[in-house]
Protein chains: 2
Amino acid sequence: MSTERPGFALPLLLLAGFQTLVDALHEDLAEQGHPEARPMHGFALQAVGEGTTAAELGRRLGVTKQAAAKTIAALGTAGYVERAADPTDARRVVVRPTARGRDLLARSAAIFDDLRARWVRELGEDAVRTIEDALGRITSGPRLDAPSWFTR
Amino acid sequence: MSTERPGFALPLLLLAGFQTLVDALHEDLAEQGHPEARPMHGFALQAVGEGTTAAELGRRLGVTKQAAAKTIAALGTAGYVERAADPTDARRVVVRPTARGRDLLARSAAIFDDLRARWVRELGEDAVRTIEDALGRITSGPRLDAPSWFTR
DNA sequence: ACCATATCGACAACCATGTTGTCGAGCTTA
DNA sequence: TAAGCTCGACAACATGGTTGTCGATATGGT
């Protein structure tokens with residue numbers, strides 16, 4: 001048999017891999033003019049997309065609209081989003097990324113591409129593809145509700 | 001070139017894999033007499049080991065001793081640990097897992113082994129080993145300070 | 001055209017988990 | 001023995017989540 005490998009290592013390794021990537025991301029982001037960006041910012045900003053409302057953002061992140069509203073407030077304080085009234089619906093307040101917010105997202109994407117390339121250099125394209133394919137098959141797609149997930 | 005695969009998928013897949021495993025763990029734990037166990041409990045209990053103090057637990061988890069003390073209080077309320085005075089050092093209060101706490105850890109280990117076996121059936125032993133080996137090489141070992149890590 | 005219903009954003013109260021800072025009590029060592 | 005470190009406790013606060021409530025605004029059925 002091959003009972004050698006204990007199962008509990010798997011989740012720890014996956015989490016460590018995630019943490020390693022996000023740590024590296026924010027290290028690079030800090031050097032590129034975003035020293036105060038935090039993991040949550042990226043997630044939420046990604047979910048904001050080209051413009052949303054608090055209620056819709058809440059649905060995307062899997063949290064209540066009140067929680068989303070607080071997140072938006074934090075994102076606004078950090079200068080990553082701005083709010084504007086919706087002319088077609090007086091109830092809605094649309095949240096859009098600022099130029100700085102779009103810069104954060106663009107740099108994040110570039111850094112993640114670079115990080116993947118580093119993994120390919122260290123592990124080989126095959127190993128990285130294996131990881132991506134295997135996790136893609138097992139997890140039925142990535143979820144965006146990460147920040148809140150842990151204390152659940 | 002092979003720029004096809006965007007780098008941002010990697011962290012999301014790793015996180016999704018972690019979440020999938022932990023979700024499955026707690027689904028099974030709930031059926032085995034631990035319905036109120038939460039991810040944090042397992043992490044902290046693992047860090048408690050055979051007996052520790054709040055300050056030491058804080059160091060292991062990478063949080064302040066105050067935060068560790070609150071965690072211990074929660075773990076105690078859930079019935080997973082008990083506190084006892086240390087006869088050799090009147091300052092210290094030793095925290096030990098209860099029988100129920102040890103049961104939680106034993107079941108968790110067994111469930112994780114089972115989950116790994118399921119992954120092997122779905123993905124093949126090679127893919128799982130590749131994931132473990134690759135992440136082990138890149139991450140320089142799993143970290144135990146997961147619960148607090150996100151909001152940092 | 002109107003009214004019932006649903007949705008939006010805001011506010012309040014609360015919980016959980018972390019943080020600093022402070023404190024008295026108890027070890028340890030110079 | 002006195003200085004200094006460590007332990008656990010307490011208070012005050014920040015953050016990010018929750019429910020519950022509310023007034024204002026759309027929307028759809030009669």
Side-chain angles (χ1 to χ4, degrees), chain A residues 19 26 36-48 51-78 80-96 143-152, chain B residues 19 22 26 36-45 47-48 51-78 80-96 143-152:
Chain A
Q19 290 175 329
H26 285 277
E36 79 298 356
R38 290 191 294 112
M40 198 210 66
H41 290 148
F43 271 89
L45 206 49
Q46 192 75 39
V48 166
T52 348
T53 64
E56 173 58 24
L57 180 62
R59 281 188 289 266
R60 291 186 193 172
L61 292 176
V63 298
T64 59
K65 59 182 179 179
Q66 291 87 338
K70 291 188 189 180
T71 299
I72 288 171
L75 240 37
T77 303
Y80 290 129
V81 297
E82 58 193 2
R83 295 159 25 107
D86 184 337
T88 76
D89 187 338
R91 294 170 307 176
R92 309 181 66 197
V93 176
V94 180
V95 182
R96 291 172 319 188
R143 294 148 58 175
L144 217 48
D145 61 345
S148 59
W149 178 82
F150 225 113
T151 57
R152 191 209 32 163
Chain B
Q19 290 176 328
V22 176
H26 286 278
E36 79 299 354
R38 290 192 294 111
M40 196 210 69
H41 291 147
F43 270 91
L45 207 48
V48 165
T52 350
T53 64
E56 173 58 23
L57 181 62
R59 281 188 290 266
R60 290 186 192 172
L61 293 176
V63 299
T64 58
K65 59 181 178 177
Q66 291 88 337
K70 292 187 189 182
T71 299
I72 288 172
L75 240 37
T77 302
Y80 290 130
V81 297
E82 56 193 3
R83 296 160 24 111
D86 184 337
T88 76
D89 187 338
R91 295 170 307 176
R92 308 179 75 211
V93 176
V94 180
V95 183
R96 292 172 318 188
R143 293 149 60 175
L144 217 48
D145 61 345
S148 59
W149 177 84
F150 225 113
T151 58
R152 192 206 31 165

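Numbers restart at 1 for each chain; the letters A, B, ... are given by sequence-line order, proteins then strands. In this text the structure is predicted, and so the values were computed from the model without any measurement.
Listed by chain and residue number, B/Thr52, B/Thr53, B/Arg59, B/Arg60 satisfy the side chain to side chain contact (heavy atoms under 4.5 Å, CB included) test with B/Glu56 (two or more places apart in sequence, or in another chain).
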Could you pull out the protein-nucleic contacts involving nucleotides 2-7 of chain C (nitrogen or oxygen on both sides, under 3.5 Å)?
from  : atom 1 : to      : atom 2 : distance (Å)
C/dT7 : O2     : A/Arg91 : NH1    : 2.8

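Distance CG/A/Leu61 to CE/A/Met40: 9.0 Å, rounded to 0.5 Å. Here the straight-line distance linking atom CD of B/Glu36 with atom OH of B/Tyr80 works out to 3.5 Å at 0.5 Å rounding. Separation of atoms CZ (B/Arg83) and CG (B/Leu75) is listed at 12.0 Å; rounding is to 0.5 Å.
Contacts of A/Ala67 with the nucleic acid, taken as non-hydrogen atoms under 4.0 Å apart, include base atoms.
Atom-to-atom, CG of B/Leu57 to C1' of C/dT17 comes out at 14 Å; the value is rounded to the nearest Å. The nearest whole Å value for the distance from the CE atom in B/Met40 to the P atom in D/dG17 is 18 Å. The NE2 atom of B/His41 sits 11 Å away from the P atom of C/dA16 (whole-angstrom rounding). Look at CZ on B/Phe43: it is 16 Å from C1' on C/dT17, rounded to the nearest Å.
At a threshold of 4.5 Å between non-hydrogen side-chain atoms, the residues A/Arg96 and A/Val81 do not count as touching. Within the 4.5 Å cutoff, the side chain of B/Val95 has no heavy atoms near those of the B/Leu57 side chain.
Ranking D/dT18, C/dA16, D/dA26 by closeness to the B/Arg38 side chain, first place goes to C/dA16. If you check C/dG26, D/dT18, D/dA12 against the side chain of A/Val63, the one that comes closest is D/dT18. Closest contact between the side chain of A/Gln66 and the listed nucleotides D/dG20, C/dG9, D/dA26 involves D/dG20. With D/dT25, C/dT19, C/dG9 as the candidates, the nucleotide lying closest to the side chain of A/Ala54 is C/dG9.
Judged purely by atom type and a 3.5 angstrom limit, A/His26 uses its side chain to pair as donor or acceptor with the backbone of A/Ala37.
Mapped onto DNA chain D by nearest heavy atom, B/Lys70 and B/Glu56 fall at different nucleotides, with B/Glu56 at the one closer to the 5' end. Residues A/Ala74 and A/Ala90 each lie close to DNA chain D; by heavy-atom proximity, the contact nearer the 5' end of the strand is made by A/Ala74.
Within a heavy-atom distance below 4.0 Å of DNA chain D, no residue of residues 80-88 of chain A is found.
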